[in-house]
J.: 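The structure's right below; bear with me while I get my questions together.
All figures in this text were calculated on a predicted structure; none of them were measured in a lab. When reading the values below, keep in mind they use all heavy atoms of this one structure, side chains included, and skip hydrogens, waters and symmetry mates. Each ligand, and each atom within it, is numbered from 1 in the order the structure gives.
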Amino acid sequence: TATAKSKTTTSTQTVGTTTIWLDGEWCDRGSAMISVYDHGLLYGDGVFEGVRAYGGKAFRLDDHLERLYDSAKAIWLEVPIDKQELSSITVEALQRSGIAEAYIRHIVTRGAGDLGLDPRKCPKPSVIIIVDTIKLWPEQVYETGLNVITAGTPIPHRESLSPRVKSLNYLAHIMAKVEGIHAGADEVLMLDSSGAVAEGSGQNVFVVKKGRITTPPPYAGILRGVTRDAIMSLATEAGYEVHETILNRYDLYTADEAFFTGTASEIVGIRQLDGRLIGSGKSGPITRDLRARFHSLVRS
Ligand code: PXG
């Protein structure tokens with residue numbers, strides 16, 4: 001049954017139930033439905049967020065919601081409820097689910113319209129909150145680091161569909177992921193249309209060289225990750241030198257350490273890129289240190 005299917009077991013063995021809020025109604029996995037005329041489905045016209053909860057508390061919920069409303073603003077979409085209300089409903093959804101170690105997905109779609117592109121034909125955007133869990137890789141990957149290849153698919157140009165908008169159009173990132181799957185890699189590195197290092201399929205990327213930590217700047221055209229910002233602050237507080245700078249693959253090939261950050265991935269080392277071992281070829285000491293600091297931050 002839908003109820004049985006939606007029972008969720010997290011890594012800490014907390015059993016909860018997938019909980020969905022859809023335009024004011026509480027639903028489960030079987031009952032939550034949207035129209036086939038929704039432009040979110042027809043055209044990928046909409047935006048989303050992914051938030052993690054640790055010990056029943058959402059991590060940096062305000063930052064995620066701010067990004068959600070900014071993404072919506074950028075695509076000329078008005079979220080029909082205000083940020084404060086969405087925040088309260090999110091907290092309630094998390095409590096109702098009973099999932100302590102949760103992954104929360106917010107989605108705002110353009111809503112149901114007709115079969116033309118014109119968003120003015122969609123009178124009411126839909127707002128969805130899903131509380132569930134997520135696991136990208138087995139636990140051991142966090143020890144060994146990831147085997148990564150560069151994808152041939154670049155991220156969309158910043159003046160086409162801005163990568164700073166967390167939109168429902170993830171096809172470029174999915175096509176990159178598919179390349180990684182067919183090559184037997186754990187994850188992919190995506191470049192921008194000029195060939196500079198951009199991000200993973202759902203992660204920001206960092207390089208460590210001689211104790212100095214670098215990551216590409218958001219204005220170059222990447223998603224400004226909430227985890228990225230948290231890691232940059234943690235690293236600075238810990239006394240590391242942190243810089244935003246344009247990176248090339250050369251910088252990764254010759255790095256002492258490299259790692260990805262993201263809500264779903266948290267912080268994970270990159271063991272090798274395109275067949276070049278990075279540093280010692282396993283998750284490095286600064287990556288491990290930041291991972292430990294990140295774990296205590298999210299539980300604090
Ligand atoms: N870049 C992109 C393109 C992303 O989609 C990040 C960076 C990291 O941002 P945060 O704020 O999460 O630190 C993301 C995150 C997944 C998954 O399954 C990841 C994301 C969205 C949906 C799924 O890994 N986005």
J.: Consider only side-chain heavy atoms of I, L, V, M, F, W and Y, link residues closer than 4.5 Å, and tell whether I267 and M232 are in one cluster.
T.: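 Per the 4.5 Å side-chain linkage, I267 and M232 are co-clustered.
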J.: Salt-bridged, D229 to R224, with N to O below 4.0 Å?
T.: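 Judged by the 4.0 Å cut-off on N to carboxylate O distance, D229 and R224 do form a salt bridge.
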J.: Give a yes/no on ligand 1: does K166 have at least one heavy atom closer than 4.0 angstrom to it?
T.: yes
J.: For T227 and ligand 1, does the shortest N/O to N/O distance drop below 3.5 Å?
T.: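 Yes, since at least one N or O of T227 sits under 3.5 Å from an N or O of ligand 1.
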J.: Does an N or O anywhere in Y170 fall below 3.5 Å from an N or O of ligand 1?
T.: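 Yes, at least one N or O pair falls under 3.5 Å.
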J.: Which of these, G262, S201, G202, has its nearest heavy atom closest to atom 6 (C) of ligand 1?
T.: G202
J.: With heavy-atom distances below 4.0 Å as the criterion, list the atoms of ligand 1 near A264.
T.: 16 (C), 24 (O)
J.: Of the protein's non-hydrogen atoms, which lies at the shortest distance from atom 9 (O) of ligand 1, and what is that distance?
T.: G225 CA, 3.4 Å
J.: Could you tell me, atom by atom, which parts of ligand 1 come under 4.0 Å of a heavy atom of T263?
T.: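 Close to T263: 10 (P), 11 (O), 12 (O), 13 (O).
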J.: Just distances here: any N/O of R67 and N/O of ligand 1 closer than 3.5 Å?
T.: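 Between R67 and ligand 1, an N or O pair is found under 3.5 Å apart.
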J.: Would you mind checking if K166 and E49 are paired as a salt bridge, meaning a charged N to carboxylate O distance below 4.0 Å?
T.: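 Salt bridge flag = no for K166 with E49.
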J.: Closer than 4.0 angstrom, basic N to acidic O: yes or no for E257 and K209?
T.: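 So E257 does not pair with K209 through a salt bridge.
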J.: Answer yes or no: is there an ion pair linking D132 with R29, defined by an N-O contact shorter than 4.0 Å?
T.: yes
J.: In this structure, which one of E179, H173, E187 forms a side-chain hydrogen bond (donor to acceptor under 3.5 Å, both in side chains) with S201?
T.: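 Filter result, single survivor: E187.
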J.: Within the structure, does R228 bring an N/O atom to less than 3.5 angstrom of an N/O atom in ligand 1?
T.: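 N/O-N/O distance under 3.5 Å: no.
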J.: Does the pair E101/K135 count as a salt bridge with the N-to-O cut at 4.0 Å?
T.: no
J.: May I have the step-by-step check of salt bridge (Lys or Arg N to Asp or Glu O under 4.0 Å) for D63 and R67, ending in yes or no?
T.: CA-CA 6 Å; D63 293 352; R67 188 170 66 186; over 6 Å; no
J.: Can you tell me which residue and heavy atom of the protein come closest to atom 1 (N) of ligand 1, and the distance to 0.1 Å?
T.: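 The closest one turns out to be E199 OE1, 3.0 Å.
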J.: Among all protein heavy atoms in this structure, tell me which lies nearest to atom 24 (O) of ligand 1, with the distance rounded to 0.1 Å.
T.: L136 CD1, 3.3 Å
J.: Please state which protein non-hydrogen atom is closest to atom 22 (C) of ligand 1 and give its distance, to 0.1 Å?
T.: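 Of the protein heavy atoms, R105 NH2, 3.4 Å lies nearest.
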J.: Answer yes if the side chains of T150 and R249 hold a donor-acceptor pair under 3.5 Å, and no otherwise.
T.: yes
J.: Regarding ligand 1, does S265 bring an N or O atom to under 3.5 Å of one of the ligand's N or O atoms?
T.: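 In fact, backbone or side chain, S265 has no N or O that close.
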J.: For F294 and Y54, take the angle between the two ring planes, folded into 0 to 90°, and tell me which bin it lands in: parallel under 30, tilted 30 to 60, perpendicular over 60.
T.: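 Answer is perpendicular, since the angle exceeds 60°.
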J.: Using a strict cut-off of 4.0 Å, indicate which atoms of ligand 1 neighbour a heavy atom of F48.
T.: 21 (C), 22 (C)
J.: Looking at H173, which atoms of ligand 1 are within less than 4.0 Å of one of its heavy atoms?
T.: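 Listed by number with element: 3 (C).
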